[in-house]
Amino acid sequence: MKNTKTDFIPIDYDYFDCNGRNYAKIIGRSSKGERICIVDECDVFLWAILRDNVSDKKIKKLIKKISEIQLDTKGRQTKVEKVELKEKNFLGKKVKALKIYATNYKDLHDVADELGMKEIKKRRGYDLGYVSHYIIEKDLTPLKWHEISGKSLDNSKELGGIGMSLDVDKCIKADSIKPVKSKKKTKAQKDFTPKVLAYDIESDELEIGDGEIIMVSLVDNNGFQKVITYKKDNEKISKLPYVEYVEDEAALLEKFVEYVREISPDFLTGYFSDGFDLPYLRARAEKFNVDLALGLDESRPRFSRGRNMSGKIKGIVHLDLIKFIKTAYAQYMKSETLSLDDVAKEFLGEEKNPFEHQHSSKLDYEGWQKYYEYNLQDSKLVIQLFNKFWPDLLEFSKTIQEPVFDVSRAGLSKYVENYILHNLKKFNEIPEKRPTYNDIRERRSSGGVTGAFVYEPTPGLYENLAMFDFTSMHTSIIITHNLSKGTLLKNKKQEKNPIESPELTLKGKKQKFYFSKKQGFFPELMREIFNKRKKFKAQYKKDPNVITRARSNAFKVLSASVHGYVGFFGARYYSLEASASILAFVRKYNKDTIKKIEEKDHKIIYGDTDSISFLIKEKNKKQIKKLLSDLNSELPGIMELELEKIYKRGLWVTTRAGKIGAKKKYALIDKEGKLKIRGFETVRRDWCQLSRNVQDKVLRLVLKDGDEKRALEYVKKIVEKIKNREISIKDLIIKTQLKKSIKDYKSLPPHVVAAKKMKEQEIPVTQGNLVEYYISEPPKGKKARLVREKVKLPGEKGKYNIEYYLKRQILPAVENIFQVFDIKIKEIMKDGKQKTLGDF
DNA sequence: GAAGTGGATATACC
DNA sequence: ACTGGTATATCCACTTC
C-alpha cells in the first residue's frame with residue numbers, strides 16, 4: 001500500500017466497526033478541493049476510580065481480575081485488553097484510577113457493569129459517544145486544518161473495502177495527524193469555504209408523506225439553480241431557465257438524488273428540513289421505491305428517533321438551519337416567529353416573494369410561474385442564511401470541538417458541556433458521568449434556588465439617567481469566586497480560609513456554602529469562554545455588521561448559559577449549592593453597588609439582576625466614568641461594571657393593578673433620539689398591532705418632546721376611529737402561540753378556541769403555531785360574557801368588538817403611561833362606551 | 001349573576 | 001427535558017353571596 005500525504009479539514013465525523021474494533025471515518029477536504037476520507041483508530045477505555053487507601057497488593061489483584069473480563073454481547077466479543085494504574089484528578093481531587101482498555105466503545109457500558117468490586121468507587125468515561133471520545137483522544141478538531149500522512153486505501157479491500165465503497169477522491173488510513181499552526185496556513189487553507197447546497201420542497205399536504213412532492217429546488221453558491229418538477233399548466237412549458245421538467249414524482253426524486261450526488265456538497269442545508277423536507281422525501285421515495293442514495297456510500301438518510309427528529313446523511317452534513325438559529329439567536333431576535341420569511345427579513349433584509357399558497361390544482365400558467373419562482377427563492381434564502389451563519393457555525397464548532405452536525409442541533413447546555421469535556425485533558429481530569437434518570441428526578445424535585453434581585457421603581461418620567469451593568473455577571477462570579485461542583489467544600493473547616501458564599505436560603509434553610517481557594521478546572525474553563533465573549537464583543541464594536549453582531553450575541557449566549565448549565569438538572573457538572581451561591585453573589589453585588597451609588601448622592605431609579613439605572617444630576621459623562629472606575633476599583637477578581645449608556649429621559653409606570661412601580665417594564669431615550677423599550681405591550685407579540693403602535697407612538701411623544709398633551713390628542717383620535725369602525729381588522733388581529741396540543745389545555749383561552757375553529761375549517765394548525773384571531777361583536781340576541789365566545793378567525797366576516805378593543809387593548813396599553821402625568825384616560829374611554837351603547 | 005380570587009397560560013427581562 | 005429565576009398581565013374556573 002502506498003504512503004500518502006495531504007492537508008485536511010475535517011467536516012463530517014462517523015465511525016464503523018471492523019472485526020469488532022471501532023474506526024473513525026472522517027470526511028473533509030484538502031486545500032486542493034479534493035473530497036477526502038480519513039480512517040483512524042484510537043484507544044478505547046474507561047476509568048475505574050479507586051477508593052482511598054486500597055493497598056498495592058489489592059490493586060494488583062484487582063488489575064488481574066479486571067484484565068480477564070471477556071464479554072459476548074450483542075454478538076460482539078469484547079474483552080479487557082489492558083489495565084493501567086494512573087494518577088488522575090476527578091472533580092479536582094487527586095485519585096488513583098485504573099485505565100481499562102477494551103475492544104469496542106459500544107461495550108464499555110457492559111464492561112462498567114462488571115466492575116462492581118468494592119475497591120472501585122466510581123466508573124467513568126464510558127458515556128461520551130465514540131466520535132467525541134475520538135476527537136478528544138486524537139485532537140482532530142472539526143474545521144481546523146491538519147496535515148495527514150498514512151496509507152492510501154484507494155482500491156483497497158482492507159477495512160471492509162471502505163476505500164472502494166465511498167464516493168471520495170482519496171481515502172487514507174492515518175498514521176500521523178498534525179494540526180497546521182495558524183501562522184503556517186496557506187492562502188488556499190485560509191480561503192476555504194465549504195461546498196453548500198440548499199434545498200426546499202413544495203407540497204399541498206403538510207402531513208409528512210400525505211401528499212405529492214410538487215417540486216424541489218436546489219441552489220448552490222456557484223450559480224447552480226434548479227427547480228425540478230413534473231407539474232405545469234396543461235402543456236404550457238415554463239420559460240424560466242431553471243425549471244427542469246421530469247416525467248413524474250418518482251423521476252423528480254431520482255433527479256434530486258442525481259443532482260445532489262453530482263454536486264456532492266459538504267453541506268446539504270434546508271430550513272425545518274429535519275422535520276419536513278428530508279422526511280417527506282424519504283416517505284415519498286419509499287412509496288415509489290426510489291433509492292434515496294444521498295450518502296457518499298450510497299446509503300439513505302437515517303433518522304434519529306425521538307421527539308426531535310434529525311436526518312443524517314453519510315459523508316454530507318445535513319444541516320437544518322432553524323435549529324441552530326433557535327438555539328443561538330432566538331432570544332436576541334426581533335422576529336415574531338422563526339419562519340423562513342421572518343428570519344430572512346431580519347438577517348438578510350430580504351422578503352420572500354409575496355405568495356399566496358393555493359392548492360396546486362387551482363393554478364394557471366401565471367400561478368405556476370410564481371410557484372416555481374417562490375420555490376427557488378426559498379432555497380436562495382436558505383443558502384444566503386447559511387452564508388450568514390457559517391462564520392458562527394465555524395466558530396462554535398471549533399470552540400466546543402464537536403462536528404457541525406451536532407453543534408447545529410444541540411441545546412445550550414450541550415455547548416457548555418462539550419466545551420468542558422473537550423478540555424479536561426490539560427487538567428488530567430476524568431469526565432463526570434451523565435446523570436441517570438433517577439439523578440434527574442431527584443434534582444428536579446429538590447426545588448429551585450432563589451434568583452436575582454429586581455429593584456422596585458417609583459413610577460415617573462425622569463431626565464438624565466445612566467445605566468451601569470456588570471459584564472457577564474454570573475460567569476464573572478463563577479471565575480472570581482471559584483464556584484463549581486468540584487470546588488465545593490463539605491464544610492467550613494475542610495480548608496483554611498475558604499471562599500464563603502453570602503448567606504442564602506436553600507430548601508428552607510438559611511446557610512452558607514464554602515468553596516476551595518485552589519483554582520478549579522471548571523471556573524478556569526469558564527474564563528476561556530468569558531474571554532472569547534469579550535473578544536467578539538470588542539470586534540463587533542469596532543466593526544459593527546450583521547456577522548460580528550451575530551457572533552457577539554452567540555458568545556454572549558454561551559457565556560450567559562454557563563450559570564444556567566450549573567443549575568440544569570441534566571448537566572454532568574450540576575451543582576445546586578454552586579448555583580445557589582452564584583445567585584447569592586449576584587444579589588449581593590447588585591445591592592452593594594446600589595448602596596455605593598446612593599452614597600454618592602445619586603437617586604436609584606431601577607435595577608434588574610446585573611444592571612442599575614440612576615439619575616446623573618448635573619454630572620457629565622466624564623464624571624460618571626470616574627464614578628464607574630471608582631466602583632470598579634473596589635470590585636474583586638474579574639468583576640467589572642460598565643457604562644451601558646447615558647439616557648436623556650426614562651419612563652417607568654405602575655403595575656396594572658396597584659400603585660407600585662412595575663418591574664421589567666420601562667422606556668428610555670438616548671441623546672440621539674433612539675428608544676430602548678422593555679416589557680411594554682409594544683414589544684409583546686400577543687397584543688394587537690393597533691395597541692402596539694399606539695403605545696409606541698405615545699411613548700415616543702412623551703420621551704422625545706415630553707409632550708403628553710399631543711400624545712393625549714393622538715389617543716383621542718384613535719379612540720374616535722375605533723368607535724367609528726375605521727380600523728382595519730388586520731390591525732386588530734391578536735397572535736398567540738399554541739404551546740401545547742389542543743387537547744392538553746386545562747382551560748379554554750381565546751387562542752385555543754381560535755385553534756379549534758381552524759381545525760373545523762381544515763386550516764392546518766399544530767402545536768407551536770402562532771394562532772391569529774380577533775374579537776368580534778357578540779352574535780345578535782346572544783349574551784357573550786366570555787372573550788372566547790367572541791373569537792373570530794381573520795378570514796371570518798364580522799364586526800370588531802368596539803368595547804373590547806377600547807377597554808381591553810387600547811386602555812391598558814396607554815392608561816399607566818398617562819397616569820404618570822395625572823391624566824385619567826379612562827374618562828375618555830367611558831364616553832366611548834356610552835356612545836357605542838347608544839349605537840345599538 | 002356579580003365580585004373576588006387563584007390557577008392556567010403566554011410572554012418578556014436578564 | 002434539553003440553560004436558569006423573576007415578573008407582568010390576561011382570561012378562565014371556581015367560590016361566595
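Note on naming: letters A, B, ... go to the chains in the order of the sequence lines (proteins, then strands), and numbering restarts at 1 for each one.
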Original post:
If you find the nucleotide of DNA chain C closest to A:Gly570 and the one closest to A:Gly451, which residue's nucleotide is nearer the 5' end?
Top reply: A:Gly570
**OP:** With A:Arg587 as the cation and A:Phe453 as the aromatic partner, state whether NZ or CZ is under 6.0 Å from the six-membered ring centre and within 45° of the axis.
**Re:**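 Geometry flag: not set, cation outside 6.0 Å or 45°.
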Subject >> Face-on cation placement of A:Lys676 at A:Tyr647 ring, 6.0 Å and 45° thresholds >> reply: no
Original post:
What do you reckon, is CD of A:Gln767 surrounded by more than 12 foreign heavy atoms closer than 6.0 Å?
Top reply: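 Atom CD in A:Gln767 is crowded, with more than 12 foreign heavy atoms closer than 6.0 Å.
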Original post:
Can you tell me if CZ on A:Arg656 sees more than 12 non-hydrogen neighbours from other groups inside 6.0 Å?
Top reply: yes
Original post:
If you check the A:Lys665 side chain, which of C:dT8, C:dT10, C:dA1 turns out closest?
Top reply: C:dT8
**OP:** Taking ring pair (Phe, Tyr, Trp, His ring centres under 6.0 Å) as the test, write out the residues that go with A:Tyr666, two or more places apart.
**Re:**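 A:Tyr666: ring pair (Phe, Tyr, Trp, His ring centres under 6.0 Å) contacts with A:Tyr606, A:Trp652.
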Subject >> Criterion side chain to side chain contact (heavy atoms under 4.5 Å, CB included) against A:Leu732, the qualifying member of A:Leu690, A:Asn801, A:Ile722 >> reply: A:Leu690
Any donor-acceptor pair under 3.5 Å linking the side chain of [X] with the backbone of [Y]?
X	Y	value
A:Glu777	A:Ile802	yes
A:Arg788	A:Pro750	no
A:Thr399	A:Glu395	yes
A:Gln511	A:Leu506	yes

Please report the distance, rounded to the nearest Å, between [atom1] in [X] and [atom2] in [N].
X	N	atom1	atom2	result
A:Tyr565	C:dT3	OH	C1'	10 Å
A:Gln331	C:dG4	CD	C1'	11 Å
A:Leu412	C:dG4	CG	P	10 Å
A:His563	C:dG4	NE2	P	10 Å
A:Ile582	C:dT3	CD1	C1'	12 Å
A:Asp439	C:dC2	CG	C1'	16 Å
A:Tyr455	C:dA7	OH	P	15 Å
A:Asn590	C:dT6	CG	P	14 Å

Original post:
Reading nucleotides 11-17 of chain C from the 5' end, what letters show protein touch, with B for base, S for backbone sugar-phosphate only, - for no heavy atom under 4.0 Å?
Top reply: SSS----
What's [X] touching, base or sugar-phosphate or nothing? Going by heavy atoms closer than 4.0 Å.
X	result
A:Gly564	base
A:Val416	nothing
A:Tyr745	sugar-phosphate
A:His751	sugar-phosphate
A:Ser611	nothing

Original post:
Closer than 4.0 Å, any side-chain N/O of A:Lys663 to the OP1 or OP2 of C:dA7?
Top reply: yes
Original post:
Do any side-chain nitrogens or oxygens of A:Lys414 fall under 4.0 Å of OP1 or OP2 in C:dT3?
Top reply: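 No, A:Lys414 has no side-chain N/O under 4.0 Å of OP1/OP2 on C:dT3.
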**OP:** Check each residue of residues 678-693 of chain A for a non-hydrogen atom within less than 4.0 Å of any atom in DNA chain B, then write out the ones that pass by number, or none.
**Re:** A:Arg678, A:Gly679, A:Val683, A:Arg684, A:Arg685, A:Asp686
Subject >> Those residues that, when tested against A:Ala813, pass side chain to side chain contact (heavy atoms under 4.5 Å, CB included) (two or more places apart) >> reply: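 Side chain to side chain contact (heavy atoms under 4.5 Å, CB included) list for A:Ala813, sorted by chain: A:Ser691, A:Gln695.
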Using a strict 4.0 Å threshold on nitrogen-to-oxygen distance, state whether [X] and [Y] make a salt bridge.
X	Y	value
A:Lys664	A:Asp608	yes
A:Arg700	A:Asp696	yes
A:Lys537	A:Glu642	yes

**OP:** For this output row, return yes or no: ring centroids of A:His318 and A:Phe405 closer than 6.0 angstrom.
**Re:** no
Subject >> Rounded (10°) bend between the five-pair end axes of the helix from B:dG1-C:dC17 to B:dC14-C:dG4 >> reply: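 If I round to tens, the end axes sit 10° apart.
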Subject >> Opening and closing nucleotides of DNA chain B in contact with chain A, under 4.0 Å to non-hydrogen atoms >> reply: B:dA8 to B:dC14
